[in-house]
Amino acid sequence: MIALLYKDILKEMDMNSQILNLEDLPEDFTTSALYENAGMDESFNTFRNLMKNTQKMVFIVPEYNGSFPGVLKAFIDGLIFPDTFTDKKCALVGISSGIQGAGLALSHLTDIFNYCGMNVLAQKPKLSRIEENLTENNLSQLYHDLLVEQAEKLIEF
Ligand SMILES: Cc1cc2nc3c(=O)[nH]c(=O)nc-3n(C[C@H](O)[C@H](O)[C@H](O)COP(=O)(O)O)c2cc1C
């Protein structure tokens, strides 16, 4: 839902974007597309190539057990290194049910992306207590404003 809202915000700014939903990855990609099988799963390669050919990205990151979801790390591990990342730019948005807004998750992810050569926008909204702030596609005004502010900065980044 946040990704769709973010897409709308970018559209308002005349920016086209495409959503890559990790739920759409092949279910078996950790065995069919990683390590010695890197590049061999055609359905995973569609996502791999999209990431390689994209210059700016926004990661919408839910907090899982105090960090980011394992599927995201497995996805990153399956991407073409370092060409997917080198000198590219990204923005991170954290989401959580609790009070942290995935702050630590975004720090962990920032370290990984910096290691891979990707620049991370300093402004990282942390959308805590998400269930109280997002209902039926209606995001609270504060959170909406934080996303707009970040999107403006990402375009200039
Ligand atoms: C496996 C798992 C671990 C979670 N761990 C945390 C957590 O450590 N802190 C927190 O505030 N919320 C946690 N949550 C709640 C999620 O951050 C929240 O429900 C989020 O909106 C889930 O996004 P998703 O539906 O895209 O996975 C967890 C949820 C799941 C499924």
Side-chain angles (χ1 to χ4, degrees), residues 1-10 15-131 133-134 137 139 143 146-147 150-151 153-155 157:
M1 288 166 77
I2 297 288
L4 287 169
L5 291 167
Y6 210 110
K7 189 176 172 61
D8 287 344
I9 288 169
L10 289 171
M15 292 290 152
N16 282 327
S17 60
Q18 189 176 347
I19 295 175
L20 191 167
N21 188 345
L22 295 186
E23 284 183 348
D24 296 333
L25 294 176
E27 279 182 15
D28 59 348
F29 84 92
T30 55
T31 50
S32 67
L34 300 191
Y35 312 117
E36 67 275 11
N37 293 325
M40 289 167 71
D41 182 333
E42 278 313 314
S43 52
F44 185 79
N45 286 347
T46 308
F47 298 95
R48 212 168 174 243
N49 293 333
L50 177 63
M51 293 295 286
K52 182 169 174 285
N53 296 326
T54 300
Q55 295 309 310
K56 279 193 185 180
M57 311 169 204
V58 179
F59 290 84
I60 313 289
V61 185
E63 180 173 322
Y64 276 19
N65 293 319
S67 187
F68 58 86
V71 64
L72 177 56
K73 182 60 164 62
F75 179 60
I76 292 167
D77 292 346
L79 299 176
I80 298 164
F81 178 89
D83 294 3
T84 303
F85 310 98
T86 309
D87 296 332
K88 291 191 183 175
K89 294 171 181 173
C90 74
L92 310 181
V93 178
I95 297 173
S96 75
S97 297
I99 58 169
Q100 294 200 96
L104 276 171
L106 301 190
S107 293
H108 297 161
L109 205 48
T110 299
D111 278 343
I112 291 168
F113 286 146
N114 285 170
Y115 170 83
C116 293
M118 183 152 69
N119 300 295
V120 179
L121 185 72
Q123 194 175 17
K124 296 179 248 187
K126 294 155 195 82
L127 312 186
S128 60
R129 300 268 192 225
I130 193 64
E131 287 85 359
N133 286 281
L134 176 64
N137 255 12
L139 190 61
Y143 283 4
L146 289 173
L147 296 184
Q150 187 194 45
K153 286 186 189 291
L154 179 65
I155 291 166
F157 189 34

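Just so you know, these numbers use all the heavy atoms, side chains as well, and skip hydrogens, waters and symmetry mates.
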Visitor: To the closest 0.5 Å, what do you measure between CG (Leu154) and CD (Gln123)?
Guide: 10.0 Å
Visitor: Has the side chain of Asn119 got a donor or acceptor atom that lies under 3.5 Å from a matching backbone atom of Lys89?
Guide: no
Visitor: In this structure, are over 12 heavy atoms from other groups packed under 6.0 Å from Asp87 atom CG?
Guide: no
Visitor: Sub-3.5 Å donor-acceptor pair from the side chain of Lys56 to the main-chain atoms of Phe157, do we have one?
Guide: yes
Visitor: Does the side chain of Leu139 reach to within under 4.5 Å of the side chain of Leu147, using non-hydrogen atoms?
Guide: yes
Visitor: Compare all side-chain heavy atoms of Val93 with those of Leu146 and state whether any distance is below 4.5 angstrom.
Guide: no
Visitor: Under 4.5 Å between any side-chain heavy atoms of Phe59 and Phe68, yes or no?
Guide: no
Visitor: Would you tell me whether Lys73 and Ser67 have side-chain atoms, one donor and one acceptor, within less than 3.5 Å of each other?
Guide: no
Visitor: Glu63 side chain to Ile99 main-chain N or O, any donor-acceptor pair under 3.5 Å?
Guide: no
Visitor: Any heavy-atom pair between the side chains of Tyr143 and Ile2 that's under 4.5 Å?
Guide: no
Visitor: Roughly how far apart are Met40 CE and Glu42 CD, rounded to 0.5 Å?
Guide: 10.0 Å
Visitor: Between Tyr6 and Gln150, is any pair of side-chain heavy atoms under 4.5 Å apart?
Guide: yes
Visitor: Determine which pairs satisfy side chain to side chain donor-acceptor pair (under 3.5 Å) with at least one residue from residues 18-35, sequence neighbours left out, and list them in order.
Guide: Ser32-Asp41
Visitor: Can you sort out the partners of Phe75 under ring-ring contact (aromatic ring centres under 6.0 Å, His included), two or more places apart, ordered by chain and number?
Guide: Phe44
Visitor: Please answer whether the main-chain N or O of Gln100 pairs with a side-chain N or O of Lys126 as donor and acceptor at a distance below 3.5 Å.
Guide: no
Visitor: Using a 4.5 Å cut-off on heavy atoms from C-beta on, say whether the side chain of Leu72 contacts that of Leu109.
Guide: yes
Visitor: Keeping the roles fixed (side chain from Lys52, backbone from Leu79), state whether a donor-acceptor pair exists under 3.5 Å.
Guide: no
